[in-house]
Amino acid sequence: MTPTNRLRIKVLIAGMPFFLHIDPKEEESIRKAVKHIDDKLNVYREHFPGQTTGRYLAMVALHIGALYQQEKMRTDTQPFLEKFEELGSRID
């Protein structure tokens, strides 16, 4: 993809602007991710007042990382493939 096909967007996370050059197909998912981050950031601000923005962002990063790991474990087919190979070798 050439740089001319890229879209330049501005997003705000915790009130800080970020300028991104993205594939136009990514825009919706990027904007949804930004909304998710800011929504979760606001939840942590309500539940744990008086923290720094960096600490809130770390909490959000932990939350999103945990969701990612849960999804990764849920969709990991490697244990099933190994079991199928084992059963296949037993049949042989």
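Count residues from 1 along the sequence.
- In this structure, Asp23 contributes its side chain and Arg6 its backbone to no donor-acceptor pair below 3.5 Å.
- Here the straight-line distance linking atom CG of Leu12 with atom NZ of Lys35 works out to 14.0 Å at 0.5 Å rounding.
- Looking at every heavy atom in both residues, Leu57 comes nearest to Ala14 through CD2-CB, 4.3 Å.
- A heavy-atom distance below 4.5 Å is found between the side chains of Ile9 and Ile22.
- Hydrophobic clustering (ILVMFWY, side-chain heavy atoms < 4.5 Å, transitive): Leu62 and Met73 are in distinct clusters.
- Minimum interatomic distance between Arg31 and Lys10 (heavy atoms only, all atoms of both residues): NH1-O, 3.6 Å.
- The heavy-atom pair separating Tyr56 from Phe48 by the smallest distance is OH-O, 2.6 Å.
- Every residue two or more places apart in sequence or in another chain that forms a salt bridge (charged side-chain N to carboxylate O under 4.0 Å, His left out) with Lys32 is listed here: Glu28.
- Partners of Glu26 according to the salt bridge (charged side-chain N to carboxylate O under 4.0 Å, His left out) rule, which considers only residues two or more places apart in sequence or in another chain, do not exist here.
- To the nearest 0.5 angstrom, Ile30 atom CD1 is 10.5 Å from Leu7 atom CG.
- Remark: Ile64 CD1 to Gln69 CD distance equals 13.0 Å, nearest 0.5 Å.
- Residue pairs meeting the side chain to side chain donor-acceptor pair (under 3.5 Å) criterion with at least one partner in residues 43-53, sequence neighbours excluded, are Gln51-Arg55.
- Side-chain atoms of Leu67 and Lys40, non-hydrogen and from C-beta on, never get closer than 4.5 Å to each other.
- Between atom CD1 of residue Ile13 and atom CG of residue Leu41 there is a gap of 9.5 Å, rounded to the nearest 0.5 Å.
- Linking Ile, Leu, Val, Met, Phe, Trp and Tyr residues whenever their side-chain heavy atoms come within less than 4.5 Å leaves Ile37 and Val43 in two separate clusters.
- Tyr68 OH: 12 or fewer foreign heavy atoms inside a 6.0 Å radius.
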